[in-house]
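Computed from a predicted structure; not experimentally measured. Every chain is numbered from 1, with letters handed out A, B, ... down the list of sequences.
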Amino acid sequence: MPELPEVETVRRGLLPVMEGAVIAAAAVNRPDLRWPFPPGIARRLTGARVTGLRRRSKYILADLSTSETLLIHLGMSGRMLISGAQLGSFHHAHPAPAKHDHVVLDMDNGARVTFNDARRFGAMDLMPTASAEAHPLLSVLGPEPLGNDFHEGHLAARLKGRATPIKSALLDQHLVAGLGNIYVCEVLFRAGIHPARMARDVTSLEVSRLVPIIREVLSEAIEAGGSSLKDYRQADGELGYFQHSFKVYDRAGDACTSPGCGGQVTRIVQLGRSSFFCPLCQR
DNA sequence: GGTTAGTCCTGCGTGC
DNA sequence: TGCACGCAGGACTAAC
């Protein structure tokens, strides 16, 4: 489930094969993912040089020489596969077309980038680069959690008076953009805050601690992704999914890892999603 | 305006 | 073994 760190890892993995290269051929194998592809997307991509590869929240933005920007969202199960490229001492031959290969980009450097998405919660769109920030999916996003606009004052103001669990508030992309279910669980564990606590009841002290904790958790995951990137290239060219050692996520029944705690990681459902926490550490 | 439930989708794990 | 079912979840839309 790609959240901000996974998307950043994918972006970094795509950089050496896409940035500066020309999309020699683009194949789009179905009319839609989450939404319909923009009209003529294959034609509009073909011949375009990728001049930059950026990330905003969980979106990858590929700036093109055609003054358009390709927006990519991995959704839940979206994967990027690189083949035909020389990465380090490894060369990946093009694999046989697989089920759910929806978009295939053949670069002029010989690399092939394949977007595979079984659940089709992902999305792609094209927009003018000059007004990319105004795209409906991007314009409503809150600040980047690793950016300067995300700070204690912002978070405090957005949590103030909100009668919703802190878990839900931190998942709200309008409040801060890029956190998903996994990292919110990890952040709240590290902060010692119960996921069901009302956002308005989070104290000033806790808010001041949340900001650096969110940065830490995400930065550590990006770092882990970076170090795993090399291994994944070697393994099969697939980017973005790597093993993390989560403290609470998907660890229901396990002993809490806090020294001397003795608690047991517990699962509850909030807004139809699993929350994992330690009832002794998190209040 | 704020909040929550429903929805989309397919693969996987579990239980019968 | 095979089937039915629930679950996973990002983010929109509708309803309250």
Side-chain angles (χ1 to χ4, degrees), chain A residues 1-11 29-38 55-61 71-81 97-103 114-125 127 135-145 155-188 195-202 214 218 221 238 240-241 243-244 246 248-253 265-277:
Chain A
M1 299 123 231
E3 300 181 27
L4 188 152
E6 287 78 18
V7 175
E8 176 62 19
T9 300
V10 170
R11 186 191 73 85
N29 299 327
R30 55 173 297 116
D32 58 15
L33 290 172
R34 181 184 176 92
W35 298 291
F37 285 107
R55 180 190 56 75
R56 172 73 170 105
S57 182
K58 302 171 192 173
Y59 298 91
I60 293 172
L61 303 174
L71 175 147
I72 303 169
H73 193 277
L74 299 174
M76 256 195 68
S77 55
R79 301 180 301 161
M80 286 290 189
L81 192 75
K99 196 177 179 184
H100 310 304
D101 282 354
H102 304 311
V103 177
T114 301
F115 180 83
N116 179 292
D117 185 8
R119 293 179 208 174
R120 303 210 303 272
F121 278 22
M124 281 195 190
D125 201 2
M127 61 218 172
H135 190 283
L137 291 172
L138 304 181
S139 64
V140 296
L141 292 175
E144 284 288 316
L155 187 58
R158 296 304 300 269
L159 295 181
K160 188 178 179 183
R162 285 193 66 167
T164 196
I166 183 67
K167 168 79 186 299
S168 308
L170 293 179
L171 280 175
D172 183 352
Q173 302 299 298
H174 305 92
L175 193 154
V176 57
L179 292 175
N181 200 44
I182 295 173
Y183 290 107
V184 170
C185 287
E186 296 298 309
V187 162
L188 291 177
R197 179 119 63 92
M198 286 292 114
R200 65 189 174 200
D201 295 334
V202 175
I214 288 171
L218 295 178
E238 179 181 329
Y241 291 80
Q243 294 301 314
H244 280 312
F246 298 119
V248 287
Y249 181 78
D250 205 21
R251 287 188 170 274
V265 177
T266 302
R267 173 184 179 267
I268 58 173
V269 175
Q270 296 178 284
L271 289 176
R273 276 161 185 75
S274 294
S275 293
F276 299 91
F277 67 103

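Using bins of under 30°, 30° to 60° and over 60° for the plane-to-plane angle, the ring pair Tyr183(A)/Phe246(A) lands in the perpendicular bin.
By the 4.0 Å N-to-carboxylate-O rule, Lys58(A) lies too far from Glu3(A) to be salt-bridged with it.
OP1 and OP2 of dT10(B) both lie 4.0 Å or more from every side-chain N or O belonging to His100(A). Proximity of Arg120(A) to the phosphate of dC8(B): no side-chain N or O atom is located under 4.0 Å from OP1 or OP2. Note on Ser77(A): every side-chain N or O is 4.0 Å or more away from OP1 and OP2 of dG11(B).
Candidate nucleotides dC12(C), dG11(B), dA8(C) were compared by shortest atom distance to the side chain of Met76(A), and dA8(C) ranks first. Listed candidates were dG11(B), dA8(C), dA11(C). Nearest to the side chain of Lys99(A) is dG11(B). Each of dG11(B), dA11(C), dC7(C) was ranked by its minimum atom distance to the side chain of Arg267(A); first place goes to dC7(C).
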Between the protein and nucleotides 2-6 of chain B, which nitrogen or oxygen pairs come in under 3.5 angstrom?
| from | atom 1 | to | atom 2 | distance (Å) |
| --- | --- | --- | --- | --- |
| dT3(B) | OP1 | Ala163(A) | N | 2.6 |
| dT3(B) | OP2 | Arg162(A) | NE | 2.8 |
| dT3(B) | OP2 | Arg162(A) | NH2 | 3.3 |
| dT4(B) | OP2 | Thr164(A) | OG1 | 2.6 |

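Among the protein residues, Arg200(A) comes within range of no part of the nucleic acid, since none of its heavy atoms lies under 4.0 Å from any strand.
Judged by distance alone, with hydrogens and angles left aside, the side-chain atoms of Gln173(A) form no donor-acceptor pair with the main-chain N or O of Gly142(A) at under 3.5 Å. Side-chain atoms of Arg200(A) never come within 3.5 Å of backbone atoms of Val202(A) as a donor-acceptor pair (strictly under, hydrogens ignored).
In this entry the distance linking CG of Leu33(A) with C1' of dT7(B) reads 17 Å, nearest Å. To the nearest angstrom, C1' of dT7(B) lies 9 Å from CZ of Arg34(A). Going from atom CZ of Phe121(A) over to atom C1' of dT7(B) covers 8 Å, rounded to whole Å. One can place CZ of Arg56(A) at 12 Å from P of dA11(C), the figure rounded to the nearest angstrom. Atom NZ in Lys58(A) sits about 4 Å away from atom P in dA11(C), given to the nearest Å. Between the NE2 atom of His73(A) and the C1' atom of dC8(B) there is a distance of 14 Å, given to the nearest Å. One interatomic measurement links the two molecules: CZ of Arg30(A) to P of dC9(B), which rounds to 9 Å at whole-angstrom precision. As a whole-Å value, the separation of Gln270(A) CD from dA8(C) P is 13 Å.
For the residue pair Pro145(A) and Leu4(A), the shortest heavy atom distance occurs at CG-CD1, 3.7 Å. Across every non-hydrogen atom of Val176(A) and Leu170(A), the tightest pair is CG1-O, 4.1 Å.
Side-chain contact of Asn116(A) with Lys99(A): a donor-acceptor pair under 3.5 Å is absent, judged by distance alone.
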